[in-house]
Amino acid sequence: MKFKLFIVLGLLYSASAPFSDLNPGVYAQQEIPSYAKWGSLAVKKTQEKYPDAEIVDYLHIGKENGSKVSTEKFKLWLRRGEKEFGVLVDIEFETDTEKIIDIMFRETDR
C-alpha cells in the first residue's frame with residue numbers, strides 16, 4: 001500500500017440535517033500550511049527514489065529562510081519488508097521564485 005498525502009479542509013456536518021440546511025458559518029476554517037506543496041513533492045520524490053518501500057509516516061521539520069535560497073526540511077519514515085528507516089528530505093529552492101534548485105535525500109536509522 002502506498003502512502004498518499006492529502007490536505008483536507010474540515011467541514012462540520014450533522015447527519016440529522018440536510019446539506020442544504022447547513023449554515024455557512026458552521027464550516028470549520030482551516031488554513032493550508034505553507035509547506036503543503038513542498039511536503040507533497042517530498043512524498044512524491046521519495047516514492048520515486050524508493051519504489052519498493054511504503055511510506056508510513058511524515059514530518060515537516062521546518063524551513064530555513066534565506067534571502068536568495070530557502071530550504072524546506074522533511075522526515076519520512078519508510079518500511080521495506082521487515083526493515084524500517086527514515087529519509088530526511090531537503091528541498092532547496094529560490095526564495096523569490098520558488099524554483100527548485102535541488103532535492104537531497106539522506107537515510108537515517110532513527
Side-chain angles (χ1 to χ4, degrees):
M1 181 169 130
K2 294 285 184 177
F3 174 84
K4 295 194 187 263
L5 175 67
F6 294 98
I7 304 298
V8 180
L9 297 177
L11 297 177
L12 297 178
Y13 174 73
S14 168
S16 62
F19 187 73
S20 59
D21 290 347
L22 289 177
N23 178 341
V26 300
Y27 292 111
Q29 298 292 321
Q30 186 171 354
E31 190 175 316
I32 296 174
S34 61
Y35 61 82
K37 74 175 185 177
W38 302 113
S40 294
L41 182 62
V43 168
K44 178 183 174 191
K45 293 299 184 180
T46 302
Q47 285 175 328
E48 290 173 6
K49 185 166 179 67
Y50 300 91
D52 57 337
E54 175 185 5
I55 298 173
V56 296
D57 203 1
Y58 161 98
L59 173 69
H60 176 245
I61 296 172
K63 180 178 184 179
E64 291 180 1
N65 288 308
S67 59
K68 294 187 180 194
V69 176
S70 294
T71 305
E72 288 283 3
K73 297 177 169 284
F74 300 89
K75 181 176 184 180
L76 285 74
W77 197 251
L78 283 68
R79 181 180 304 129
R80 181 189 296 139
E82 297 296 315
K83 179 185 176 193
E84 289 193 3
F85 59 100
V87 176
L88 298 170
V89 182
D90 293 349
I91 303 174
E92 190 177 71
F93 58 94
E94 293 177 0
T95 304
D96 292 342
T97 65
E98 295 190 342
K99 179 182 176 191
I100 297 169
I101 297 169
D102 197 9
I103 301 175
M104 295 152 284
F105 300 89
R106 191 172 72 247
E107 290 185 23
T108 180
D109 58 356
R110 36 186 158 154

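Position 1 is the first residue of the sequence, and the numbers go up from there. Quick note: numbers below take in every heavy atom, side chains included, and nothing from hydrogens, waters or symmetry partners.
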Q: Please find the pair of heavy atoms, one from Ala53 and one from Arg80, that lie closest to each other, and give the distance.
A: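 For Ala53 and Arg80, the tightest heavy-atom pair comes out as CB-CB, 4.2 Å.
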Q: Run the side-chain contact (heavy atoms from CB on, under 4.5 Å) test on Val69 and Glu92 for me, step by step, so that the C-alpha distance in whole Å, both residues' side-chain angles and the decisive distance to 0.1 Å come before the verdict.
A: CA-CA 7 Å; Val69 176; Glu92 190 177 71; 3.3 Å; yes
Q: Just to verify, what does Glu64 make a side-chain hydrogen bond (donor to acceptor under 3.5 Å, both in side chains) with, not counting sequence neighbours?
A: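 Testing Glu64 for side-chain hydrogen bond (donor to acceptor under 3.5 Å, both in side chains), a comparison that skips the adjacent residues, returns none.
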Q: Nearest 0.5 angstrom please: Arg79 CZ to Asp52 CG, how far?
A: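 It is 13.5 Å, given to the nearest 0.5 Å.
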Q: Check the pair Val43, Tyr58 against side-chain contact (heavy atoms from CB on, under 4.5 Å), reporting the backbone distance first and the verdict last.
A: CA-CA 8 Å; Val43 168; Tyr58 161 98; 3.8 Å; yes
Q: Once rounded to the nearest 0.5 Å, what's the spacing between atom NE2 of His60 and atom OH of Tyr35?
A: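 One gets 6.5 Å once the value is rounded to the nearest 0.5 Å.
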Q: Rounded to the nearest 0.5 Å, how far apart are NZ of Lys45 and CD1 of Ile100?
A: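 CD1 of Ile100 is found 7.5 Å from NZ of Lys45.
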Q: Which is it for Glu98 and Lys37 under the salt bridge (Lys or Arg N to Asp or Glu O under 4.0 Å) test, yes or no, and what are the steps along the way?
A: CA-CA 11 Å; Glu98 295 190 342; Lys37 74 175 185 177; 2.3 Å; yes
Q: For residues 85-104, which residue pairs qualify under ring pair (Phe, Tyr, Trp, His ring centres under 6.0 Å), counting only residues two or more places apart or in two chains?
A: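 As it turns out, the ring pair (Phe, Tyr, Trp, His ring centres under 6.0 Å) pairs with a partner in residues 85-104, which skip direct neighbours, are Trp38-Phe93, Tyr50-Phe85.
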Q: Check Ala42 against Phe74 and note the closest heavy-atom contact, atom names and distance.
A: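 So the minimum-distance heavy-atom pair works out to CB-CD1, 3.9 Å.
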Q: Below 4.5 Å, heavy atoms only, C-beta onward: do Ile55 and Thr46 meet side chain to side chain?
A: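 When only atoms from C-beta onward are counted, Thr46 and Ile55 do touch, with a gap below 4.5 Å.
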Q: Which distance, rounded to the nearest 0.5 Å, do you find between the CG of Leu88 and the CE of Met104?
A: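 These two atoms lie 11.5 Å from each other.
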Q: Closest heavy-atom contact between Val89 and Phe105?
A: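 Minimum heavy-atom contact is CG2-CD2, 3.8 Å.
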Q: For the backbone of Arg110 and the side chain of Lys75, can you confirm whether one donor and one acceptor N or O come within less than 3.5 Å of each other?
A: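 At least one qualifying donor-acceptor pair exists.
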Q: To the closest 0.5 Å, what do you measure between OG1 (Thr95) and CD1 (Ile101)?
A: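 It is 7.5 Å, given to the nearest 0.5 Å.
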Q: With sequence neighbours excluded, tell me which residues meet side-chain hydrogen bond (donor to acceptor under 3.5 Å, both in side chains) with Asn65.
A: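 Only Lys63 meet the side-chain hydrogen bond (donor to acceptor under 3.5 Å, both in side chains) criterion with Asn65.
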Q: From Leu76 CG over to Gln47 CD, what is the distance, rounded to the nearest 0.5 angstrom?
A: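 Nearest 0.5 Å value for the CG-CD distance: 9.0 Å.
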